[in-house]
Amino acid sequence: MRLLEFQRVIAASLMSGESGAAKLIRPSARLTAAERLEIYQRSYWFRLRDALAEDFPGLRAVVGKRRFVRLTDAYLRECPSRSFTLRDLGSQLVCWLEAKPELLGPRAELALDMARLEWAHIEAFDGAAEPLLDPERLQDLRAGLQPYVTLLALHYAVDALRVRVDDGGADRKVGRVRRQELYVAVHRVDGSVYYRRLEREEFRILEGLRQGRSIAAAIDEGFAGSRRDAGEIAGLIEQWFANWSRLGWLTGRTNTKRTGR
Amino acid sequence: MRSAKNQEYGIGVGLRLPHIGHILAERPVVSWFEIISENYMVDGGRPLQVLDQILEQYQVVQHGVSMYLGSAEKLNRDHLKRLKSLVRRTGTPWVTDHLCWGSVDGRYTHDLLPMPYTFEAAKWTAQKVRQAQDYLEVPVAVENVSSYAEFHVSEMTEWEFLNEVVERADCGVLLDVNNIYVSSQNHGFDAVEYLDAVPAERVMQIHLAGHSKFEKYILDTHDHPVVEPVWALYERAIERCGATPTLLEWDDQIPSFDELQHEAMKAAQYLPAVACR
């Protein structure tokens with residue numbers, strides 16, 4: 001048997017949990033071939049389940065431990081890791097769950113919001129940073145948003161819920177959570193990840209900048225339909241741009257990273 | 001094959017998250033830290049910030065867990081590119097990874113799976129090691145892994161396979177004496193016979209670690225102190241290889257930094273004085 005074929009048989013057994021590869025393994029004095037294979041099968045599933053549980057503790061708290069294991073096992077079967085690093089293991093989870101909300105149980109919308117927030121958290125932790133916007137170039141009337149910043153339009157306050165989970169509530173049952181529309185930026189400052197709540201118009205302007213709109217167009221779209229008066233709008237624009245600059249969110253390069261909804 | 005700088009590296013410890021605050025605040029005297037390359041092959045953020053702070057104070061050697069030199073697919077270009085960028089950042093004198101496989105058809109198991117000890121596998125693996133070494137422009141050393149299975153297709157022993165690969169690749173060896181012990185217990189071979197067959201002149205680094213003993217097998221868990229039979233193998237390895245950079249791995253149930261360093265420094269009694277700085 002050639003090396004490639006050999007490795008395909010072993011990998012298929014690890015990922016499926018079936019014992020087909022046992023025929024390739026010599027038994028030892030103490031273990032059968034199937035028992036030896038099982039050591040690797042258990043290790044594969046424990047390692048990958050643990051990695052997802054570590055990255056998505058809020059999702060686990062919302063859906064419960066048993067449902068979390070069922071859904072992550074199904075995810076790993078359909079979306080085996082395609083990256084050399086476990087950091088990327090959950091990169092398809094949100095997209096995969098959006099297509100299978102029934103796996104999330106009765107609070108699917110809350111669970112999906114949490115999964116989006118938790119993937120954004122990973123991106124904010126070690127995502128790329130672009131050079132900051134040069135104030136001299138403001139005349140170009142364009143600005144981009146740091147790739148590590150994710151903008152989320154949410155239906156539940158999963159930002160506060162995730163903080164509670166981090167503070168030791170991971171094994172406690174998540175009680176009733178009130179539905180509300182809110183906008184959150186997941187970002188980092190000095191290497192630590194933070195969740196910052198945004199005004200609706202603020203979110204829309206940032207979304208526009210991310211999509212490559214000019215600053216003027218993003219502001220126009222952001223305040224379209226707003227009931228705020230011109231004076232208030234001018235004050236908010238000044239305040240928000242000052243905040244975004246202080247937080248290092250604005251870059252000289254426009255980009256089109258997806259906004260989470 | 002040995003790096004000219006390797007006499008500068010005595011007893012090191014693995015850089016692990018729970019110790020970083022202590023290390024940056026207390027600046028303990030440590031010859032060098034081993035980092036898991038993949039933890040720092042990221043685009044930005046805290047991991048690289050912390051690494052840069054460590055590099056201001058300490059020598060760092062890179063150890064990888066996912067190059068999968070024995071996988072039947074080609075080297076992952078994105079992985080290599082990120083690894084080289086990190087090599088430039090750290091100034092690591094050599095790079096290590098495992099003599100194993102772990103991916104197939106672009107799907108990753110994230111495990112260190114044992115090779116079938118065949119001539120075809122040795123030739124293929126050696127070719128990939130050479131490619132990695134050429135691309136990274138630093139010496140590469142391959143580490144023997146712990147294993148829990150042997151295969152019918154194998155045409156040689158593990159130590160013959162190791163020799164076959166490193167001779168063909170002209171690369172170094174990261175000799176893990178705990179892994180030799182674990183595999184010898186699981187497969188019933190003589191650990192000293194293995195050790196005596198290792199090409200001493202190619203051993204660039206040694207790993208020590210603890211393991212967990214179960215009723216029918218031993219698992220390489222890196223969560224205990226080093227056991228006496230492993231120290232005996234280490235003593236034998238030093239007799240054969242001379243003073244060699246040595247690292248204690250501890251990845252689970254991680255003790256305080258002081259306890260970890262105390263355990264690592266036990267290696268000093270087996271090393272000539274020059275290597276114990």
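Just so it is clear: chains get the letters A, B, ... in the order the sequence lines come, proteins before strands, and each one is counted from 1.
Note: F161(B) and Y117(B) have tilted aromatic rings, judged against thresholds of 30 and 60 degrees for the angle between ring planes.
Proximity to chain B (any heavy atom under 4.5 Å) is shown, for L4(A), by both the backbone and the side chain. Using a 4.5 Å cut-off between heavy atoms, R188(A) contacts chain B through its side chain alone, with no backbone atom that close. Heavy atoms closer than 4.5 Å to chain B are found nowhere in A29(A), neither backbone nor side chain. Proximity to chain B (any heavy atom under 4.5 Å) is restricted, for F6(A), to the side chain, taken from C-beta onward. When heavy atoms are compared at a cutoff of 4.5 Å, E35(A) approaches chain B solely by way of its side chain, counted from C-beta outward. Both the backbone and the side chain of D105(B) come within contact range of chain A, each with at least one heavy atom under 4.5 Å from a heavy atom of that chain. Using a 4.5 Å cut-off between heavy atoms, L219(B) contacts chain A through its side chain alone, with no backbone atom that close. The parts of I25(A) that come within reach of chain B are both its backbone and its side chain, each placing non-hydrogen atoms under 4.5 angstrom from that chain. Contact of S192(A) with chain B is made through backbone and side chain together, with heavy-atom distances under 4.5 Å. Interface residue E120(B): only side-chain heavy atoms are found under 4.5 Å from chain A. If you measure heavy-atom distances from I39(A) to chain B, the contacts under 4.5 Å come from the side chain alone.
Of all the listed residues (P80(A), A11(A), A128(A), A33(A)), the one sharing the greatest number of non-hydrogen pairs under 4.5 Å with chain B is A128(A). Chain A forms the most heavy-atom pairs under 4.5 Å with one residue out of D111(B), V42(B), V50(B), and that residue is D111(B). When each of H79(B), E73(B), R82(B), E38(B) is checked for heavy-atom pairs under 4.5 Å with chain A, H79(B) comes out on top. Chain A forms the most heavy-atom pairs under 4.5 Å with one residue out of M67(B), Q49(B), M115(B), and that residue is Q49(B). Note: G70(B) leads G102(B), G70(B), S103(B), G188(B) in heavy-atom pairs under 4.5 Å with chain A. Contact count against chain A (heavy-atom pairs under 4.5 Å) is highest for A72(B) among S147(B), A72(B), P47(B). Chosen from N39(B), T109(B), D78(B), the residue pairing most often with chain A at heavy-atom distances under 4.5 Å is T109(B).
No more than 12 heavy atoms of other residues, nucleotides or ligands sit less than 6.0 Å from atom CG of D190(A). For F46(A), the CZ atom sits in a loose shell: 12 or fewer heavy atoms of surrounding residues, nucleotides or ligands are nearer than 6.0 Å. For CZ of R87(A), the number of neighbouring non-hydrogen atoms (other residues, nucleotides, ligands) closer than 6.0 Å is greater than 12.
Taking each heavy atom of A22(A) and L37(A) in turn, the nearest pair found is N-CD2, 3.8 Å. Closest approach of S154(B) to T118(B), counting heavy atoms only: CA-CG2, 4.4 Å.
In this structure, the side chain of T90(B) engages the main chain of L86(B) through a donor-acceptor pair within 3.5 Å. Remark: the backbone N or O of H63(B) is not paired with any side-chain donor or acceptor of E34(B) at under 3.5 angstrom.
Judged by the 6.0 Å and 45° rule, R82(A) forms no cation-pi pair with Y108(B). For the pair R246(A) and F241(A), the cation does not sit on the ring face, since its NZ or CZ is not both under 6.0 Å from the ring centre and inside 45° of the axis.
Side-chain atoms of T96(B) and E143(B) form no donor-acceptor pair, as typed in the model, at a separation below 3.5 Å.
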